[in-house]
Protein chains: 2
Amino acid sequence: MTHRVINFYAGPAGLPLPALERAQEELLDFAGTGMSVMEVSHRSKEYDAVHEEAIALTKELMGLPSNYKVLLLQGGAHLSFGMIPLNLLRNDKKADYIVTGNWAEKATKEAKLVAGDRVRVAASTKEQKFSRLPHADEIKVGPDSAFVHFTSNNTVEGTQWHEFPKVGHVPYICDMSSDFMWRPFDVSPFGLIYGGAQKNLGPSGVTLTIIREDFLEMCEAQDLPSYLRYKIHAEKNSLYNTPPTFGIYILRNVLAYNKSIGGLKAIEASNKKKAELLYGCVDKHSGFYKGFVTEKAHRSVMNVDFFLPTPELDDQFVKEAKKAGMVGLKGYRDIGGIRVSTYNAVTVDHVKTLVDFMEQFVKTNG
Amino acid sequence: MTHRVINFYAGPAGLPLPALERAQEELLDFAGTGMSVMEVSHRSKEYDAVHEEAIALTKELMGLPSNYKVLLLQGGAHLSFGMIPLNLLRNDKKADYIVTGNWAEKATKEAKLVAGDRVRVAASTKEQKFSRLPHADEIKVGPDSAFVHFTSNNTVEGTQWHEFPKVGHVPYICDMSSDFMWRPFDVSPFGLIYGGAQKNLGPSGVTLTIIREDFLEMCEAQDLPSYLRYKIHAEKNSLYNTPPTFGIYILRNVLAYNKSIGGLKAIEASNKKKAELLYGCVDKHSGFYKGFVTEKAHRSVMNVDFFLPTPELDDQFVKEAKKAGMVGLKGYRDIGGIRVSTYNAVTVDHVKTLVDFMEQFVKTNG
């Protein structure tokens, strides 16, 4: 019996066991080729089938309309932070960024490096230490805005846009790194969605990018190095250069597994149940566990942040949980406390085990 | 017994079996963590040990002096083609590029997108269809050149710089994607060396980059998106953002294996033996197998290109070899014929099997 722990890491994070077992089984002999998938040419028909399946499953699970392209890129959200303004903020175009946390702040800073003051802050909750999202009346979007950028889930702070920001008819660009495919949603207001795979979808090193055709057409940057141009990747079906084949293979395995368990509706139900259990326990013992997020409607179902009465108790909690087979619970360095990351691969049973542990911990230390 | 074939793909390519077996064994439980290496935080001590070991093994195997930094990046050689001029050709700096094949041409074209005419062609053998390298007297390097860029091995055409180009005291920047660590060499004339891992070193999705400190200091581009800045990656030890952790883990496994078999001296001996066997057979049957490269001193030990008397015989050769358990022998689309890629993981025995097949093929079809 393989030793496995319950993984609450914020990313890279746990993956569905069947997706990994499939990889382990055929690691030396993939699809009857007598080679590992890592050893097969990205131009071979065997790899091509995986590449196409990863794209097709993304389209199917997300219900993407035909005017969206799926790109399989590299460099994580960080490289995307630069590629977005380099491609889409040419010729004096302007955009509005909503700043709701650590990652949204980085995205904004990187865009400003490229486009300076043409990158405007539509709203920020930095004064509130990002403990909530902005309210509708706090968001100011210019009528001349090419897009509004936001971060759908704030991994560090544990807030999440359950209803997307109200910005009129301006299209969204969204960093979904930490809540990609956590539920079904209507993609039609989105011009571009991007995210590193390493939370909900696969290993680090693959950047899933979904771009609408009119946004592709906006990418006029013919003087940019080719790797940085969305249009080239779209024209070449993400085979302009050698893609990260093994990472895409694991993404395929994860998506195939997600489909087999009922797709995004089933995943949403599981995620909501997990959040209910965790926040239920936090609220029940609100004298002991204190949530970081100040408005319940903004609480993330992916990252649940809370503090114990003292930093010493936080540390003890993390240590004892580790002894009980649960890892990755230490809060982000800038915030402290506890962070429970409950991405898609974390099961309701995993969360029940943690909640039992939390109940016991209050009894002993509360 | 796992079914394995002999892999002559040009990249992604075969990897040493022990490096893959190690990955398979601990794919669900890495270093006793109860998690796959893909599932572990890049800030965890268990991943950090792998990251540090991959860097240390690179330094040790290559004998890097202390004024070189090892970076583990993404985006392959393609992204590096852009990052090099973006970082190193600021403020009217000029550079000379030696054009010896398909990849060298791409590197030059991408650099021109960024730096225009400040990117000069020092030499080109395009008129010779890249069937040889330029001679010393054909290479013109300006006294004002910040660096000379060359491609140490031309994967498509099968030429290789056994002695590096004579360019006075101008530092080199070199794309070593297809012959990284094939032998020991003196790195001191090199300001920067880069390459996708997917030929000699690991899976696609990891770009090994080695940069000298004075070159790092030349990287003044503070208005570039952070992911594109070598200096930031160097300052953060390639942990500025989430690195491609699984790819780096496999790189570590490959390098550890390379060390265990005697390091680059042993690997060089094996590579030379393989080339001797293959070119020996081609030359012995020069009426049947016709090499693409016109000067023997320029023949690559990594990619051996030759033609059979007719394209039909080329096809038959590829098909029959496949039946005999050898894959990846079809030549690059622009050239045709046969290409035998004999990267580090291809053994002398693999090549002997192919040479036996070639001997038999001449007998039957010659």
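Proteins come first, then strands; the chains are lettered A, B, ... in the order of their sequence lines, and each starts at number 1.
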Please classify the contact between [X] and chain A as side chain, backbone, both or neither, with a heavy-atom cut-off of under 4.5 Å.
X        : value
B:Val327 : side chain
B:Leu224 : backbone
B:Tyr240 : both

Are more than 12 heavy atoms from other residues, nucleotides or ligands located less than 6.0 Å from atom [atom1] of [X]?
X        : atom1 : result
B:Gln222 : CD    : no
B:Lys330 : NZ    : no
B:Asp349 : CG    : yes
A:Asp334 : CG    : yes

### Task
Answer yes or no: is there a side-chain heavy-atom contact under 4.5 Å between B:Phe246 and A:Met38?
yes
### Query
With side chains defined as the heavy atoms from C-beta onward, is the minimum distance between B:Ser226 and A:Leu113 less than 4.5 Å?
yes
### Task
Determine the minimum heavy-atom distance between B:Gly205 and A:Pro244, stating which atoms define it.
CA-CB, 4.1 Å
### Task
Give the minimum heavy-atom separation between B:Leu79 and A:Leu228, together with the two atoms involved.
CD1-CD2, 3.7 Å
### Message
Just verifying a value: how many Å separate A:Thr207 OG1 and B:Gln74 CD, rounded to the nearest 0.5 Å?
### Response
6.5 Å
Could you go through residues 17-28 of chain A and list every donor-acceptor pair under 3.5 Å that involves a side-chain atom there, pairing it with any protein atom two or more places apart or in another chain?
residue	atom	partner	partner atom	Å
A:Gln24	NE2	B:Gln24	O	2.8
A:Glu26	OE2	A:Tyr249	OH	2.6

Closest-packed option against chain A by number of heavy-atom pairs under 4.5 Å, given [options]:
options                     : answer
B:Gly34, B:Ser44, B:Ser204  : B:Gly34
B:Lys112, B:His78, B:Lys109 : B:His78
B:Ala77, B:Gly14, B:Ala345  : B:Gly14
B:Val114, B:Ile6, B:Asn241  : B:Asn241

### Side chain A:Glu39, main chain B:Pro12, donor-acceptor under 3.5 Å
no
### Task
Check each atom of A:Ile250 against the heavy atoms of chain B and say whether the ones under 4.5 Å are side chain, backbone, both or neither.
side chain
### Task
Heavy-atom distances under 4.5 Å only: say whether A:Pro243 touches chain B with side chain, backbone, both or neither.
backbone
### Task
Verify side-chain contact (heavy atoms from CB on, under 4.5 Å) between A:Arg4 and B:Asp29, making sure each step is shown before the conclusion.
CA-CA 7 Å; A:Arg4 295 277 294 172; B:Asp29 179 13; 5.6 Å; no
### Message
So which residue, A:Thr2, A:Leu86, A:Thr242, ends up with the most heavy-atom pairs under 4.5 Å with chain B?
### Response
A:Thr242
### Pair B:Tyr227 and A:Phe81, ring centroids less than 6.0 Å apart
no
